[in-house]
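Keep in mind that the numbers below use all heavy atoms, side chains included, and drop hydrogens, waters and symmetry copies.
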Amino acid sequence: MNTELSLRDKDVYPSEEILQNALGKKYSTYKELIDKVSDPGCGLAHEWRYYRDGGWLCKVTFKKKTIFWLSLREKSFQVRFYILAKNRDGVSDLPIGEKGKHVPLKIQVSNKKQIKDVLEIAKYQKAVK
């Protein structure tokens, strides 16, 4: 099964098996991020949804507020934050790597160290109005 095509197929939900095939070695990084996001202390929820223009995307939310979107790339994944203009200045004060400070924020997750950055921005996104 072509995993890339499966993530575009409305009828093929991104199961753990499909995600493992799509991400390869990066699956453990994805799983660690999702486990941390799902921890009750974090207060976030996630769900995979199908969108006609983008295929399957993982939406991470706090109550009704979208915190970030996660999409799969070839053997990796990307996290995308949409920061409101009024909150952009606060992002530059966060203790994250320089590569993550561009707004809108896109982080191509390539290692587990970046999970800390993703969670730091998510915490900020959760707190701002």
Side-chain angles (χ1 to χ4, degrees):
M1 173 186 289
N2 183 330
T3 308
E4 196 172 314
L5 290 177
S6 297
L7 295 172
R8 296 262 180 219
D9 186 341
K10 180 181 180 180
D11 298 322
V12 180
Y13 183 82
S15 67
E16 293 301 309
E17 180 184 355
I18 287 175
L19 294 172
Q20 286 174 342
N21 289 335
L23 292 170
K25 293 178 183 177
K26 300 293 182 206
Y27 178 77
S28 65
T29 303
Y30 160 81
K31 184 73 171 130
E32 185 174 324
L33 175 61
I34 292 301
D35 287 348
K36 289 185 183 217
V37 163
S38 301
D39 184 272
C42 190
L44 300 176
H46 75 283
E47 70 175 308
W48 284 93
R49 289 185 170 184
Y50 181 80
Y51 298 90
R52 286 185 302 173
D53 60 342
W56 286 97
L57 299 174
C58 183
K59 182 179 180 182
V60 176
T61 58
F62 174 66
K63 299 181 182 177
K64 293 183 179 183
K65 182 179 186 179
T66 300
I67 302 299
F68 65 84
W69 297 90
L70 185 147
S71 59
L72 269 55
R73 300 290 182 253
E74 188 173 325
K75 299 293 182 192
S76 69
F77 63 95
Q78 182 179 85
V79 172
R80 192 177 292 240
F81 293 88
Y82 292 97
I83 311 291
L84 295 173
K86 67 180 183 175
N87 298 325
R88 290 181 181 174
D89 290 340
V91 173
S92 63
D93 295 333
L94 296 175
I96 60 175
E98 283 299 314
K99 291 182 180 180
K101 293 192 179 186
H102 301 288
V103 180
L105 266 162
K106 287 190 291 187
I107 300 175
Q108 188 71 29
V109 180
S110 59
N111 61 63
K112 290 186 179 188
K113 292 179 197 171
Q114 292 173 293
I115 291 173
K116 180 178 158 267
D117 289 350
V118 170
L119 294 174
E120 190 68 37
I121 299 166
K123 181 179 166 184
Y124 175 77
Q125 214 23 4
K126 195 170 119 175
V128 295
K129 302 228 180 245

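Taking Gln78 as the reference, Arg73, Arg80, Gln108 meet the side-chain hydrogen bond (donor to acceptor under 3.5 Å, both in side chains) condition, with sequence neighbours excluded. The side chain to side chain contact (heavy atoms under 4.5 Å, CB included) search around Ser110 returns Gln114, not counting sequence neighbours. Scanning for side-chain hydrogen bond (donor to acceptor under 3.5 Å, both in side chains) contacts around Tyr27 gives Glu16, with sequence neighbours left out.
Counting heavy atoms from C-beta outward, Ile107 and Ile121 have side chains that approach closer than 4.5 Å. When side chains are defined from C-beta on, Leu70 counts as touching Leu33, because their heavy atoms get closer than 4.5 Å. Between Val12 and Leu7 there is no side-chain heavy-atom pair separated by less than 4.5 Å.
Taking both residues in full, the closest heavy atoms of Ser71 and Leu57 are given as CB-CD2, 3.5 Å, listed atom of the first, atom of the second, then distance. The two residues Trp56 and Asp9 make their nearest non-hydrogen contact at NE1-O, 2.9 Å. When all heavy atoms of Leu23 and Leu72 are compared, the pair lying nearest together is CD2-CG, 4.0 Å. Of all the heavy atoms in Arg8 and Asp53, the pair that sits closest is NH1-O, 4.4 Å.
Residue pairs satisfying the side chain to side chain donor-acceptor pair (under 3.5 Å) criterion with at least one member in residues 60-70, sequence neighbours excluded, are absent. The side chain to side chain donor-acceptor pair (under 3.5 Å) analysis of residues 35-48, with sequence neighbours excluded, yields the pairs Tyr30-Trp48, Lys31-Asp35, Ser38-His46, Glu47-Arg49. For residues 109-126, the set of pairs meeting the salt bridge (Lys or Arg N to Asp or Glu O under 4.0 Å) definition, not counting sequence neighbours, comprises Glu32-Lys112.
Each of Phe81, Phe62, Tyr124, Tyr82 was checked for a ring pair (Phe, Tyr, Trp, His ring centres under 6.0 Å) with Phe68, and the lone residue meeting it is Phe81.
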